[in-house]
Amino acid sequence: MTVLRAKDISILFGGLKAVSNFNMTLEEGELLGLIGPNGAGKTTVFNMLTGVYHPTSGEIEFTDKNGKVQNITHMKPFQITQMGMARTFQNIRLFKDLTVLDNIRIAYHFNVKYKSADAVFRTPAFFKEEAEITRKAVALLEIFNLEHKQAELAKNLPYGEQRKLEIARALATGPKLLLLDEPAAGMNPQETQDLMKLIRFIREKFNLTILLIEHDMNLVMGICERIIVLDYGQTIAEGTPDQVSKDPLVMKAYLGEGVDLHA
Amino acid sequence: MLKNRLLLAGIILVLVFSLISGCNESKTIKIGTIQPISGQVSAYGIQTRDAIAMAIEEINANGGVLGKKLELIVEDDEASPEKTTNAFKKLTAKDKVVAIIGALTSKCTLAITKEAQAKKVVLITSSSTNDTVTDAGEFIFRACYNDSFQGQVNAKFAYETLKARRAAILYDITNDYSKGLMSNFKAKFEELGGQIVAIESYSTGDKDFNAQLTKIKASQPEVLFIPDYYSTISLIAKQVRGQGMTIPMMGGDGWDEITNNAGDEVIGCYYSNHYSPDSDDEDVKAFVTKFREKYNITPNALAALGYDAAYILADAIEKAGSLDPVKIQQAMMETDKKMVTGYIRFNEKRNPVKSAVMLKVVKGADGKLTTEYAGTVNP
Amino acid sequence: MGFLHEFLQQMVNGLSLGSIYALLALGYTMVYGIVKLINFAHGDILMLGAFGGFFVLAAYGVTPLTFVLALLVGMIVCAVVGIVIEKTCYKPLRNAPRINALITAIGVSIFIENGARVVKVIGPNPKEFPTFKTVNFPIGDVNISQIQIIVFVVSIALMFLLTYIVNHTKLGKAMRAVSFDRPAAYLMGINVDWIISFTFALGSALAAAAGILFASAYPQVEPYMGIIPGLKAFVAAVLGGIGSIPGAMLGGFIMGIAETLTKGFISSQLADAIAFGILILILVVKPSGILGKNVSEKV
Amino acid sequence: MKKNIANGLTLAAIAVVFTGILAALVYIGVIDEYTAQILTLAGINIIVALSLNLISGFTGQLALGHAGFMAVGAYTTAVCIMKFNFPMLLAILTSGLVTAVFGLIIGFPTLRLRGDYLAIVTLGFGEIIRVIMINLEQITGGAAGLKGIPSFTEDILLAPALSMLWVFSVMIITIILMSNLIKSSYGRAVLSVREDEIAANSMGINVFYYKMYAFTISAFIAGVGGGLYAPFFGYLNPTMFNFLKSVDFLVIVVLGGMGSITGTVIAGFVLTYLQEFLRFLRDYRLVIYPLLLIFIMLFRPSGLMGNREISILALWQRLFKSDRTQSKVDKAGERQ
């Protein structure tokens, strides 16, 4: 089943075509990598898929949690998230002055059943659901080994844990499709290895489809099943890691001539 | 931990003590005054306070009242009704004053009249001209004439002395003083048989009156009535002349001090006032000389009114022979005395019955603007 | 005087007022363009500029020469003040939450106003601003005073000068670069701090000029005189498209004309309400303003 | 859960007893009328400042027109009581609702945009409300103001105590309900908007909706504050609700700490008291406030409390339960 389909999407920034005629399909359970040199338009694609930007032309379709195909081209980010697509950000965007636990609990908000009045007057419905939310949030933190830091402010976590928390927070929205924007940026090789394991683990555990932007070639080549390469806002190659890494266009675009991406 | 708690305990103790600190019987008669010592109209408030203080000093030098010295307690209200109320509570609850002079602006006085009446505190405002100020009841007095009288005075003067038949009005709609004068001028002028050809308004702080003046000019008035304070008048006058209008302008006591604050544009204009510092009257001369000596500035009309208010109150306490507010109130009603701002008697609404002076702005021998007496209008 | 004459007269009044708003709006727009901050204190710079001019004209009398001197003194003083404010109050907050910078800007604004009140040489009472004696040039029934002409001409000249600086000098290029992408400009070797200071100086100098022209047209100076023109100029900047220099000029003229026409034909009471009505309307219909570009935040 | 409810009840009980004692002290004259006046005024200031804190401190949207909201509330109450003979409680609630509608109208066009516009539009709103109040002479008394608004009671001896009882009760209810709201999923949604709009959006939070939500509630509370103000002062004048009044609330919020209810309460009492106390500084006082704003933002942007709270319960437990002996020593110290 196709989870996400981008049809010929393009976007203009002040006359400049940042992404042109981008096409992509993402099948359920797939782990797709989106790579390309700096400024190739990867994050812009992400932003269009998640509703932060709206494409100037083209359409995006997303099969939501209930299996219904939705045209999300002009939807707002929160609507798309509620349908089952979650994301992380290239430069971590945590709720810095809130606790680790609250960062997660916020993600459960759009499913909250109790009303403002229940909260204000502290009805039993409030206590019951709050306890449930907290329990779920802590359980999620345990997976990421962050439960012992639940009372700390997000900004006080070390960098690697902030990355992990951001992924945990995205998972808390209950997505079927997860978009990761350079999750390994700034990590050392050991942390990257751990991250790879983690991504594989959550993919299994939460039955996720994953779209990944990454610079770290080891990570991309190691876990992605399929890769799309962008340059100057256009797709220049698509295929398995092996196919892509041997593509002369890709090599040229990425690092100039004669560079082996496996190095 | 311990330190924190001690600190907390200390704070609580201080608060409690400051709350229950009582007051004791004093050997003086306490008079309170609420004036805007800071804020937008502080210039008026300070002069009024100084004049009141001067009057109290004189009275004390002459043996005080009922054998006791008067003690003046000044509270600043920043011309904000909220602060006036707070000051009133402080004066009545903490200082336990016998009577209060104030407040200066009508909106501030109006904020406390109801409570002063309910608590039977004799209140005399020196300069709140709004008609409704004394409506709250028999304990509220004022030393100045009110807006309706002043509006009528101007209308009468314009119609009878200036022989104007077509008048235009430009007023500040956000200011009750300006509005009160406007409506009374209009009523009286029309009653006399004149025609109001244009009424235009602006808001406090406006700088550009060209749009309104363009309309006023088009209506071809013979006189322009601008009831506002001098600072705005000087600005409006420039634009009036800038539009090529040469008709005389006139206004109320807010024009007081216009001669020090405007250019030649206001020559030939008229305004009503409570007194003229240049008057030959003995009382006026004595007051002006003394005030100048003491504070190095020529007292404006509000200072004169404050000075009179203090004397009215002191005389009434003396006459009442006690500090009982009801007796003081009765004595106030019997006030019948020549003072700096004229001969003062109170009518049944506790407004003074006195005449208004019309002044004309002229160029003095020294090239500076000054005023000359242009007539007296009786109530 | 018929409707047409009155209309033309109000248009003349509006153009003169509008040119002052335009000068002031330029400062808002430039500062916003470069640091994304509404400089609430901008209107108060106008006041300081007017007082700068006041002291010169009061000391040396009013002649064309002293008027130019007053303009120069006011502009230089305010340029310095602008830089000082930027360095001390805004620069430390460049990376803080926006609300903090906004609150600081409010604080600076009130500080300048009330500070001017308590300073002896300025004080709370309005002062008469020395200005040329009004000479009228009637064209038919429409009256144009020479002050209106001076205001208009000086404003237009300054706007041309600014446009030249921004579009045709190296500094202007650097300003545009910083406004477009600050980190990139920094990487290109542009001294970003210096350019931001320069922008504040330029905006403040224009505000000072606006202040002196404003005070010449409405010859009175007092500490709170900048608030209302400041607000209206801000609306003008938004109307024209905040960040856009031609937009600020256009917005200024529209605001000036809208205001005098409202006063003249509807109600003087509504003049301020109209200004904010325009603001709300523009925010609903086209938040980017007439000449502004739609810019979304970087993610 | 039961413990939570029990704690809440204890808290409410303490609050009721505290307010009752204070009002009784005012009634028997131990606390004089002037002090009662300042305390009550502080209570109103705190209510409005709390409402400002909700939108500016918790939601991160700077609003500069809360004096305007207060004016709407105050005039609505006055009109409800004087023209329609509403009972006091109904009048005050009505003014909250009317003000909330104003909040909706202003918020809708502006809150979709970046925060800066809200600041300017609310500032403009505050000014326009004043103009409207001046022009609606039939209802508001125009520039001369509206006088003779009935107080909470016409009994002059009872009035100070009863005013205080009303205001403090509403203040305490506001504090409790607001902190309940903040410490819920809805509160967290609002906080996430302050922290990072884009991230909040990607967490499924409808950012615009929650800005409107907070802004409308904020307007409601400010309206209620204004609603108490009218019968408390008995006189209303449009100039009482100028921009500087809005700034007063901003100073309270900033000093107390944006995002701290306790901070607002403490700062509200301190600053209202200081306003009276610092009068000897005259106009220089006007310079201290803005300087305070600037210095706090530059050197301690979190204010007195940051976004922390003092919990009365926790304090209670620390003082009396966890270390009994220690607190006995303290109490002995107090007596000396």
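In what follows, chains carry the letters A, B, and so on, assigned in the order in which the sequence lines appear, proteins first and then strands, with residues in each chain numbered from 1. Because only heavy atoms are used, hydrogens play no part in the values below, and waters and symmetry mates are left out as well, while side chains stay in.
Under the 30°/60° scheme for interplanar angles, the aromatic rings of C:Phe51 and C:Phe55 are found to be tilted. The aromatic rings of B:Tyr295 and B:Phe291 sit tilted, their planes meeting at an angle between 30° and 60°.
For C:Phe111, the CZ atom counts as loosely surrounded, since its 6.0 Å shell holds 12 or fewer non-hydrogen atoms of other residues, nucleotides or ligands. More than 12 heavy atoms of other shown residues, nucleotides or ligands fall within 6.0 angstrom of atom CZ in C:Phe137.
With a threshold of 4.5 angstrom between heavy atoms, C:Phe129 does not approach chain B through any atom at all. Contact of C:Glu259 with chain B is not made at all, since no heavy-atom distance falls under 4.5 Å. In this structure, chain C has heavy atoms under 4.5 Å from both the backbone and the side chain of B:Ser203. Contacts between B:Thr232 and chain C at a heavy-atom distance below 4.5 Å involve the backbone alone (N, CA, C, O). Neither the backbone nor the side chain of C:Ile147 comes within contact range of chain B, judged by heavy atoms closer than 4.5 Å. The parts of C:Gln220 that come within reach of chain B are both its backbone and its side chain, each placing non-hydrogen atoms under 4.5 angstrom from that chain.
If you look at C:Phe132 and C:Phe67, their ring centroids are closer than 6.0 Å. The distance between the ring centers of B:Tyr177 and B:Tyr229 falls below 6.0 angstrom.
Interface summary for chain B: among C:Lys127, C:Gln148, C:Glu128, the most heavy-atom pairs under 4.5 angstrom belong to C:Glu128. Of the listed residues (C:Pro219, C:Ser16, C:Pro124), the one with the most heavy-atom contacts under 4.5 Å to chain B is C:Pro219.
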